[in-house]
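Notes to accompany the following structure.
None of the values given here were measured: they were computed from a predicted structure.
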Amino acid sequence: MYGHVAKLAEEIKKGAASVEGVEVKLWQVPETLPEDVLGKMGAPPKNDIPIISPNDLVEADGVLLGFPTRFGMMAAQFKAFMDATGGLWRTQQLAGKPAGIFYSTGSQGGGQETTPLTAITQLVHHGMLFVPIGYTFGAGMFEMEKVKGGSPYGSGTFAGDGSRQPSELELEQAFHQGKYFAGIAKKLKAAA
């Protein structure tokens, strides 16, 4: 809504694209809120990233799913998109595909771990392979002097009231997640 997840996605894309032979595409899910409601919420105009359809997921060798948090879970817009993947679930077309998660929360207690934990259920029902970053980001995972989103589940940022932008450290973690994930997806594809 305010661009925090989009900023993380851009860094993830850079990280993934840094792996030789990897092609990266960005998509966004359809907005479900009416324009007048978005205006009252102070949401800026949407960017020009293409809108995804469930079948676009089938074409990908791996997917990193990013979303803002609402009450410790993925936002309704993303949940609506995942609900639309029922046909893919019935035929298990996403089974065995690597997937990861990244997110934005409003506060430190706002879902940096509950959001990915509750989102993993979407991946499990599809038979997807969850690829967390664990502690592969190294010392950045243990940063205690600066405010930093993210967890072993995936990269993240704190949005606050919407005015706080992802920090350099959060963007570095996002880049790392993209590169790490792309390397794993590439290995899995080569082994198939």
Side-chain angles (χ1 to χ4, degrees), residues 1-33 35 38 43-70 73-85 88 93-94 97-105 115-116 119-120 122-123 126 128-133 136-137 149-151 153-159 162 164-189:
M1 182 172 297
Y2 299 106
H4 297 83
V5 172
K7 285 187 178 173
L8 292 177
E10 289 293 341
E11 285 303 308
I12 285 171
K13 179 180 179 181
K14 290 176 191 174
S18 74
V19 176
E20 186 178 340
V22 171
E23 177 188 347
V24 185
K25 294 180 184 178
L26 287 183
W27 287 301
Q28 63 181 324
V29 299
E31 179 58 70
T32 58
L33 294 174
E35 287 296 324
L38 291 170
K46 291 289 178 190
N47 53 37
D48 59 355
I49 296 172
I51 303 295
I52 193 170
S53 74
N55 286 331
D56 290 324
L57 295 173
V58 176
E59 298 173 21
D61 294 326
V63 293
L64 281 165
L65 309 172
F67 35 80
T69 300
R70 298 294 182 268
M73 299 184 298
M74 69 174 61
Q77 293 90 329
F78 207 92
K79 179 66 167 74
F81 172 74
M82 292 304 295
D83 287 348
T85 65
L88 301 177
Q93 291 185 61
L94 303 179
K97 190 179 298 282
I101 297 169
F102 62 102
Y103 40 85
S104 169
T105 65
T115 301
I120 289 170
Q122 310 291 315
L123 310 179
H126 278 288
M128 300 176 88
L129 307 174
F130 179 52
V131 180
I133 59 171
T136 62
F137 186 49
S151 71
Y153 300 100
S155 57
T157 188
F158 293 112
R164 181 188 185 273
Q165 295 301 305
S167 70
E168 189 62 36
L169 186 58
E170 291 168 333
L171 295 174
E172 288 171 11
Q173 185 179 41
F175 181 93
H176 169 76
Q177 183 175 12
K179 184 175 182 177
Y180 178 76
F181 180 86
I184 290 173
K186 183 178 176 179
K187 287 177 192 173
L188 289 171
K189 183 179 180 181

Heavy-atom closest pair, residues [X] and [Y]:
X	Y	answer
G66	V5	C-CG1, 3.6 Å
F181	G100	CE1-N, 3.7 Å
L88	P54	CD1-O, 3.2 Å
G154	Y103	O-OH, 3.0 Å
P166	L8	CB-CD2, 4.4 Å

Distance from [X] atom [atom1] to [Y] atom [atom2], nearest 0.5 Å?
X	Y	atom1	atom2	value
L38	T32	CG	OG1	8.5 Å
R70	T105	CZ	OG1	10.5 Å
L129	L123	CG	CG	9.5 Å
L65	I120	CG	CD1	11.0 Å
Q28	I52	CD	CD1	10.5 Å

Practice task
Please list, chain by chain and in numerical order, all residues satisfying side chain to side chain contact (heavy atoms under 4.5 Å, CB included) with K14, sequence neighbours excluded.
Solution key: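 Per chain and number, K14 pairs via side chain to side chain contact (heavy atoms under 4.5 Å, CB included) with E11, F175.
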Problem - Qualifying residues under side chain to side chain contact (heavy atoms under 4.5 Å, CB included), relative to Q165, sequence neighbours excluded - result: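 For Q165 the side chain to side chain contact (heavy atoms under 4.5 Å, CB included) partners, ignoring immediate neighbours, are H4, K7.
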Heavy-atom check, side chain of [X] versus side chain of [Y], under 4.5 Å:
X	Y	answer
T115	Y153	no
I51	F81	no
I133	Q173	yes
Q122	M128	no

Donor-acceptor under 3.5 Å ([X] side chain, [Y] main chain):
X	Y	answer
E170	S167	yes
T69	M74	no
Q177	I101	yes
K189	G62	no
K186	V22	no
R164	F158	yes

Exercise for the section: Taking ring-ring contact (aromatic ring centres under 6.0 Å, His included) as the test, write out the residues that go with F137, two or more places apart. Expected result: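 F137 satisfies ring-ring contact (aromatic ring centres under 6.0 Å, His included) with H176 only.
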Problem - Worked check of side-chain contact (heavy atoms from CB on, under 4.5 Å) between E10 and L26 - result: CA-CA 8 Å; E10 289 293 341; L26 287 183; 3.3 Å; yes
Exercise for the section: Decide side-chain hydrogen bond (donor to acceptor under 3.5 Å, both in side chains) for Y180 and S155; before the verdict, give the C-alpha distance in whole Å, the side-chain angles of both, and the deciding distance to 0.1 Å. Expected result: CA-CA 12 Å; Y180 178 76; S155 57; over 6 Å; no
Problem - Over 12 foreign heavy atoms within 6.0 Å of NZ, K13 - result: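 Yes - once you tally the heavy atoms of other residues, nucleotides and ligands closer than 6.0 Å, there are more than 12.
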Problem - Criterion ring-ring contact (aromatic ring centres under 6.0 Å, His included) against F78, the qualifying member of W27, F67, F102 - result: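 Of all the options given, the one that passes is F67.
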